[in-house]
Amino acid sequence: MSRIYFDHSATTPLDPRVLEAMLPFLADSFGNASSQHAEGRKARGAVEIARAQVAALLNGDANEIIFTGSGTEADNLALIGAVRESVGPAHVITSSIEHAAILETCRYLEETGVSVTQLPVDSEGLVDSLDLEAALRPETRIVSVMAASNLVGTVQPISELAEITSDHGALFHTDAVQAGGKIPIDVKVAPIDLVSLSAHKLHGPKGIGALFVRHGVELSPMVFGGGQERGLRSATENVAAIVGFGAAAEIARHDLESEAARLGDLREKIVRELAETVPTAYVIGHPEKRLPGHLALGFAGQEVLAGRLVQLLDKAGIAVSAGSACNAHHADKPSHVLLAMGYDAERARGLVRITLGRFNTEAEVDRFGAILPGLVAELNPDLDWTTSPHLAGTALAETTA
Ligand code: PLP
């Protein structure tokens with residue numbers, strides 16, 4: 001029986017249409033996009049088409065897209081680039097549940113004398129705009145709040161946060177690595193200055209990211225060299241990966257609405273079934289403001305066994321994760337995201353993340369629903385499910401819409 005892949009927040013399989021678009025640029029069309037001859041012009045043309053495709057995902061203009069080597073690099077460029085461009089003391093605001101690409105960059109900035117405020121979140125992972133208003137200072141240079149959480153799937157009110165930040169005169173950045181291509185983001189409507197994206201989260205290739213930089217926003221580069229990407233990211237362009245990113249962005253934009261509805265339905269099906277079959281399961285994150293195919297679960301009384309459950313699922317042919325792939329090296333540590341959401345240290349280790357993607361089917365969801373209850377029961381046979389209370393999160397029965 002074939003394996004089931006339910007870990008799309010970690011990475012996604014390459015769409016065959018994306019691979020097809022990339023292949024010529026890994027073979028005969030090998031030109032350097034900065035060369036003046038026909039080979040170079042062909043590569044340049046392909047890069048510029050991809051730039052427009054990625055920009056369209058955000059309703060931005062093509063020349064507002066800077067290609068980077070990853071989502072991580074886009075995050076670094078946004079924060080470090082904005083701070084280095086400013087004069088005098090700098091203050092950065094972020095949230096306490098960001099990806100390491102933001103939190104570690106903030107830690108680095110702190111070491112260089114920048115002051116950093118981490119906004120709290122509520123028990124469902126939402127940032128409160130009043131907390132942002134209270135944290136803004138005259139020297140605040142940039143506010144960075146992720147569009148959606150990689151771990152719990154909660155979608156932040158980024159338009160509102162961007163408005164507040166813009167009224168204050170600071171830059172607003174959002175890490176949309178998880179949200180890009182899954183929920184609408186429109187930079188013509190919301191005053192968002194900087195947006196990070198990564199192709200491998202939307203069925204594109206790994207090792208290619210982008211930073212949307214609004215017209216007029218000044219950043220300092222972090223990589224120096226030949227001046228490619230408007231001087232903000234020197235290096236010979238990775239043409240095949242850029243073309244793949246463009247194709248992936250185009251498909252994601254075209255199918256965004258229908259795919260969000262389809263994945264939302266599959267997720268609800270899992271929730272409805274588990275509400276019947278695994279009464280200890282609870283949903284972590286916001287029950288409605290969430291990414292469509294994202295389901296973060298806890299199992300009351302069995303939180304310490306989440307890692308074991310993920311292993312059992314893997315053995316049964318189903319790939320899910322306990323926490324984010326980036327924290328896999330610290331699997332024994334409680335999640336900083338769940339701690340920030342108010343979970344205690346034990347329950348903050350107990351998250352099982354199921355993230356659906358383009359090629360998942362209802363049959364796979366059914367197979368998962370049939371297998372999971374037995375594995376949960378295997379974990380801790382002594383636990384009385386019927387009396388074990390929901391210690392945190394939202395009981396599944398309350399979330400089915
Ligand atoms: N930001 C978020 C929210 C992510 O989920 C990830 C990857 O997991 C990144 C940034 C880093 O992106 P990349 O893998 O392209 O470096």
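The basis for the numbers below is simple: all heavy atoms, side chains too, and nothing from hydrogens, waters or symmetry mates. Numbering of ligands and ligand atoms starts at 1, following listing order. Values in this document were obtained by computation on a predicted structure and should not be read as measured data.
- In the vicinity of Ser70, heavy-atom distances shorter than 4.0 Å reach the ligand 1 atoms 15 (O), 16 (O).
- Counting all heavy atoms, side chain and backbone alike, Arg84 lies closest to Pro221 at NH1-O, 3.4 Å.
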Side chain to side chain donor-acceptor pair (under 3.5 Å) between Ser144 and His173: does it pass, once the steps are laid out?
-> CA-CA 5 Å; Ser144 177; His173 166 253; 2.8 Å; yes

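- Residue Ser198 places at least one N or O, backbone or side chain, under 3.5 Å from an N or O of ligand 1.
- Interatomic distance, Asp131 CG to Gln118 CD, rounded to the nearest 0.5 Å: 13.0 Å.
- With Gln178, His200, Lys201 as candidates, the residue nearest to atom 5 (O) of ligand 1 on a non-hydrogen basis is Gln178.
- Heavy-atom contacts of Met146 reach the following atoms of ligand 1: 3 (C) (cutoff under 4.0 Å).
- Ligand-side atoms of ligand 1 in range of Asp75: 1 (N), 10 (C), range being under 4.0 angstrom from any heavy atom.
- Numbered from 1 in the order shown, with element, the atoms of ligand 1 that lie under 4.0 Å from a heavy atom of Thr72 read 11 (C), 12 (O), 13 (P), 16 (O).
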Would you check, one step at a time, whether the test side chain to side chain contact (heavy atoms under 4.5 Å, CB included) holds for Leu309 with Gln302?
-> CA-CA 9 Å; Leu309 180 59; Gln302 291 162 298; over 6 Å; no

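- Evaluated for a salt bridge (Lys or Arg N to Asp or Glu O under 4.0 Å) with Asp61, the options Lys188, Arg214, Arg51 yield exactly one hit, Lys188.
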